[in-house]
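Structure record follows, encoded as structure tokens.
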Amino acid sequence: EQKLVPEGRRPRFSPDGRQMAYWKGLEEPYPLRAGSGAGYILDRATSETRQIAPEFAAVVHPVWSPDGKHILFLGLKDAKGLKTLDWWIVPAAGGTAVRCHVNTSGVLIDPFEWRGDFIYYESGAGNASAKVGRQKIDPATWQPVGNPTTLTARADVSPSVALDGH
């Protein structure tokens, strides 16, 4: 057994297995606020890490795109308010993050998997009304397509999705 990173939370390996995205921070980062968490990418060959979107006040729950070229995360860009709390997508190699406007109702939507054009998420984490759902996104604009679809009547502790998206 090999420990890859100390204090890393919810690690996600890149599709090719060469990198691992994770975050460090408070065990329960909600409500998300400045300093709740910071996202990182570990290069497994060199053991070097780099921060995901260091200009953000908080980055948690990074998820790889199916091709490994992008990372989606739940982020708070501006520490002064929750108006920038949303999903954000950034090139895995670094660059400008694009907001994926899913947080329109103010309900926390926690991403946990990206399959094809769908992001799978848990909403209402930590309470009895928590549910798992999915949201289609346009890969050209990174914006939501249509309304999210609720997939469960309630959420499990650690939801997952099969490789084929089921």
For the backbone of Leu151 and the side chain of Arg134, can you confirm whether one donor and one acceptor N or O come within less than 3.5 Å of each other? no
With sequence neighbours left out, the residues meeting side-chain contact (heavy atoms from CB on, under 4.5 Å) with Tyr40 are Tyr22, Lys24, Ala38, Gln51
Could you tell me which residues satisfy salt bridge (charged side-chain N to carboxylate O under 4.0 Å, His left out) with Arg50, sequence neighbours excluded, listed by chain and number? none
Counterpart residues, side-chain hydrogen bond (donor to acceptor under 3.5 Å, both in side chains), relative to Thr49 (two or more places apart): none
side-chain contact (heavy atoms from CB on, under 4.5 Å) partners of Asn147, counting only residues at least two apart: none
Distance-only donor-acceptor pairs under 3.5 Å for side chains of residues 62-72, two or more places apart:
{"unit_1": "Trp64", "atom_1": "NE1", "unit_2": "Arg12", "atom_2": "O", "d": "2.8"}
{"unit_1": "Ser65", "atom_1": "OG", "unit_2": "Asp67", "atom_2": "OD1", "d": "2.7"}
{"unit_1": "Ser65", "atom_1": "OG", "unit_2": "Gly68", "atom_2": "N", "d": "3.3"}
{"unit_1": "Ser65", "atom_1": "OG", "unit_2": "Lys69", "atom_2": "N", "d": "3.2"}
{"unit_1": "Ser65", "atom_1": "OG", "unit_2": "His70", "atom_2": "N", "d": "3.0"}
{"unit_1": "Ser65", "atom_1": "OG", "unit_2": "His70", "atom_2": "O", "d": "3.3"}
{"unit_1": "Asp67", "atom_1": "OD1", "unit_2": "Lys69", "atom_2": "N", "d": "2.9"}

CD on Gln143 to SG on Cys100, rounded to 0.5 Å: 5.5 Å
Heavy atoms, side chains only, cut-off 4.5 Å: are Trp114 and Ile137 in contact? yes
Hey, does the side chain of Glu48 reach the backbone of Ile41 with a donor-acceptor pair shorter than 3.5 angstrom? no
Only pairs at least two apart or in different chains count here, so list each salt bridge (Lys or Arg N to Asp or Glu O under 4.0 Å) that has a residue in residues 82-98. Asp86-Arg99
So which atom in Ser14 and which in Asp16 form the shortest heavy-atom distance, rounded to 0.1 Å? OG-OD1, 2.7 Å
Connected via hydrophobic side-chain network under 4.5 Å: Phe118 and Phe112: yes
Applying ring pair (Phe, Tyr, Trp, His ring centres under 6.0 Å), can you list everything that pairs with Trp87, at least two apart in sequence or on another chain? none
I'd like to know if the side chain of Ser36 reaches the main chain of Ala58, judged simply by a donor and an acceptor atom lying under 3.5 Å from each other, with no hydrogens or angles considered. no
Single-linkage hydrophobic cluster Val102~Val98, side-chain heavy atoms < 4.5 angstrom: yes
Where Gly95 and Val90 come nearest, the two heavy atoms and their spacing: O-CG2, 3.3 Å
Would a single hydrophobic cluster contain both Leu42 and Val59, if residues Ile, Leu, Val, Met, Phe, Trp and Tyr are joined by side-chain heavy-atom contacts under 4.5 Å? no
Residues which pass side-chain contact (heavy atoms from CB on, under 4.5 Å) with Thr96, listed by chain and number, not counting sequence neighbours: none
Rounded to the nearest 0.5 Å, what's the gap from CG on Leu76 to OG1 on Thr84? Could you check? 4.5 Å
Which heavy-atom pair separates Pro139 from Asp117 by the least distance, and what is that distance? CG-OD1, 3.8 Å
Specify the closest pair of heavy atoms between Trp88 and Gly75, including all atoms of both residues, with the distance to one decimal. NE1-O, 3.5 Å
Rounded to the nearest 0.5 angstrom, the CD-OG1 distance for Gln135 and Thr149 is 7.5 Å
Determine, step by step, whether Trp23 and Phe73 satisfy the side-chain contact (heavy atoms from CB on, under 4.5 Å) criterion, reporting the C-alpha distance in whole Å, the side-chain angles of both residues, the deciding distance to 0.1 Å, and the verdict. CA-CA 10 Å; Trp23 66 280; Phe73 59 89; over 6 Å; no
Under the 3.5 angstrom rule, does the side chain of Glu113 hit a backbone N or O of Tyr121 as a donor-acceptor pair? no
